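Below, chain A is the first sequence line, B the second, and so on; all start at residue 1. Not measured: the values here are computed from a predicted model.
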Number of protein chains: 2
Amino acid sequence: MATGRTHRPATRSRGIPEATVARLPLYLRALTALSERSVPTVSSEELATAAGVNSAKLRKDFSYLGSYGTRGVGYDVEYLVYQISRELGLTQDWPVVIVGIGNLGAALANYGGFASRGFRVAALIDADPAMAGKPVAGMPVQHTDELEKIITDNGVSIGVIATPAGAAQQVCERLVAAGVTSILNFAPTVLTVPDGVDVRKVDLSIELQILAFHEQRKAGEGAAAEAASAAERGSAVGAAEVDAADADADADVDAPEADSAAANRKGPDGDVPAVMPA
Amino acid sequence: MATGRTHRPATRSRGIPEATVARLPLYLRALTALSERSVPTVSSEELATAAGVNSAKLRKDFSYLGSYGTRGVGYDVEYLVYQISRELGLTQDWPVVIVGIGNLGAALANYGGFASRGFRVAALIDADPAMAGKPVAGMPVQHTDELEKIITDNGVSIGVIATPAGAAQQVCERLVAAGVTSILNFAPTVLTVPDGVDVRKVDLSIELQILAFHEQRKAGEGAAAEAASAAERGSAVGAAEVDAADADADADVDAPEADSAAANRKGPDGDVPAVMPA
DNA sequence: ATGTCTTTGTGAACGCGTGCACAAAGATTG
DNA sequence: CAATCTTTGTGCACGCGTTCACAAAGACAT
């Protein structure tokens with residue numbers, strides 16, 4: 001997410017809610033699969049299942065695009081593929097540059113899914129002079145010095161940042177200055193960009209942390225009901241949890257000493273007891 | 001959101017809203033940086049800026065954790081780092097397995113950010129016999145046959161799927177059957193999992209498509225008012241120029257959108273972004 | 001044509017998340 | 001100790017997004 005600005009009337013880009021836009025690619029993928037199997041039509045129910053969403057939601061999403069379905073029958077697969085593609089702007093060519101050709105950048109460059117939908121890798125850019133000219137994914141890596149020229153010459157408006165965190169903001173600024181208005185950021189940093197520039201971030205570490213949170217919750221909660229089975233699974237919860245009923249189960253076991261922080265605070269909180277994984 | 005499956009009805013895992021949980025890692029990162037600079041305290045305003053969010057939101061988020069701030073002063077950095085880490089479950093060790101050691105899988109294995117927060121790569125698994133034993137990121141790749149044993153022996157509860165789309169569901173099922181309850185999916189497929197299992201997905205293709213949508217909108221908009229180059233992306237969106245009759249729905253050539261800037265990520269849960277290939 | 005059956009499209013209710021604005025709490029100064 | 005200043009914590013209102021539930025629309029059979 002971008003930092004510079006943060007608010008906006010929740011932008012309904014054109015009457016199409018942001019949440020819906022985020023789901024369109026999902027529908028498109030499911031539809032494409034159906035199309036390849038030559039399925040002529042699908043009901044909202046079937047398509048919703050394939051896309052992993054609720055059918056009512058899907059119908060409402062489609063209603064923002066227009067009335068493309070036929071009552072009693074469903075949606076014409078081919079037609080819908082076309083409409084969604086057009087709506088997403090996939091009927092045109094989108095040259096993309098990837099900056100930072102390390103492990104991740106190289107993996108992205110090799111990713112086939114790129115080209116499959118109108119996205120074309122126009123160039124791979126890296127700051128390391130040693131990388132210059134070296135072929136990655138059948139394409140020579142170019143030095144950062146060329147960045148502006150590349151962007152301009154190829155009319156690139158979408159940039160992918162896969163550099164180390166420390167270089168991200170600077171690269172971002174150069175990209176924006178050169179004309180890029182959409183950025184996909186893989187570096188673990190908050191990018192600050194001017195208005196009008198879209199930033200989406202992909203952060204591995206954050207995703208894992210969110211999973212860990214839920215995992216921890218699950219471990220603490222199942223502990224009570226967990227008599228003996230699966231004792232080897234790293235979830236030997238402390239006996240402190242008398243009743244971890246789902247209600248609000250807020251078994252407060254005080255937190256261990258303020259650790260490195262000698263603060264004298266006392267959180268009204270403190271929860272999960274010691275869990276010890278392998 | 002993260003999965004194609006519906007976990008609990010937006011259950012507040014423990015009184016902590018999902019949206020807040022998704023931001024905690026962001027705060028943690030900003031706090032860690034401050035900690036390394038030996039900054040003792042921060043105000044909600046400073047921290048919010050560093051994390052790229054609104055200060056009111058940050059304060060509200062923290063209020064779900066408890067009252068850890070001091071009015072008139074701010075928050076104790078070290079203490080907050082500890083509290084958030086504990087809340088996220090990062091004070092414990094989380095063994096993780098990565099299945100599918102292709103370009104992406106290898107990149108993930110080499111990703112340093114993994115270990116930095118309690119996540120330890122316990123094993124790299126691939127179905128290709130030729131890969132077996134081959135060292136990646138200083139660790140021998142193991143064959144899929146060993147999957148169940150690895151999960152059990154290491155008490156792994158978090159799995160990362162970086163296989164091709166076609167193999168994802170099957171791998172997912174084996175992981176779950178073996179005891180994994182949280183999955184980070186990089187394969188472009190909707191995974192179906194039983195209740196109690198969390199799935200978060202990272203899909204590069206989807207992220208790019210969302211950017212393309214906004215990019216297209218921006219282009220169309222600029223075309224209409226091309227006069228002023230690319231400098232008027234005001235935030236004072238005049239609702240005035242809303243698209244023509246909303247009922248158009250047809251105009252194949254597509255009408256330029258109205259509205260302005262674009263929303264960065266959002267998403268109830270997730271909003272969160274997630275992305276990637278396979 | 002008429003009736004029945006299927007599936008869409010959507011009005012309305014509801015819940016979550018966001019942001020404002022301010023009272024309360026504590027630090028700080030005189 | 002009182003006054004002032006700073007910053008937190010939160011009540012409240014608002015809007016987006018989700019879901020339900022159903023009328024409308026069309027296909028299909030008789």
B:N54 CG - C:dC20 P separation (whole Å): 6 Å
Under the side-chain contact (heavy atoms from CB on, under 4.5 Å) test, residues paired with A:E173 that sit two or more places apart: A:Q169
Set of residues satisfying side chain to side chain donor-acceptor pair (under 3.5 Å) with respect to B:D61, sequence neighbours excluded: B:T20, B:R23, B:Y27
Side chain to side chain donor-acceptor pair (under 3.5 Å) against A:S85, all qualifying residues, sequence neighbours excluded: none
Those residues that, when tested against A:A48, pass side-chain contact (heavy atoms from CB on, under 4.5 Å) (two or more places apart): A:V53, A:S55, A:L58
For A:A165, side-chain contact (heavy atoms from CB on, under 4.5 Å) partners two or more places apart: A:P188, A:T189
Residues which pass side-chain contact (heavy atoms from CB on, under 4.5 Å) with A:T70, listed by chain and number, not counting sequence neighbours: A:V73
A:S43 side-chain N/O to C:dT7 phosphate OP1/OP2 under 4.0 Å: no
Could you go over nucleotides 28-30 of chain C and give all protein N or O partners under 3.5 Å, atom names and distances?
none

Touch class at under 4.0 angstrom, heavy-atom based, for A:Y75 against every strand present: sugar-phosphate
Axis bend over the full length of the helix from C:dA1-D:dT30 to C:dG30-D:dC1, computed from five pairs that close each end, to 10 degrees: 10°
Gap between atoms CG and C1', on A:L65 and C:dG9 respectively (whole Å): 13 Å
A:E45 CD to D:dT19 C1', straight-line distance once rounded to whole Å: 13 Å
B:S44 side chain near D:dT8 phosphate (N/O to OP1/OP2, under 4.0 Å): yes
N/O to N/O distances under 3.5 Å, protein versus nucleotides 10-13 of chain D:
unit_1: D:dG11; atom_1: O6; unit_2: B:K60; atom_2: NZ; d: 3.0
unit_1: D:dC12; atom_1: N4; unit_2: B:K60; atom_2: NZ; d: 3.2

B:T41: partners by side chain to side chain donor-acceptor pair (under 3.5 Å), with sequence neighbours left out: none
Set of side chain to side chain donor-acceptor pair (under 3.5 Å) partners for A:S43, sequence neighbours left out: A:E46
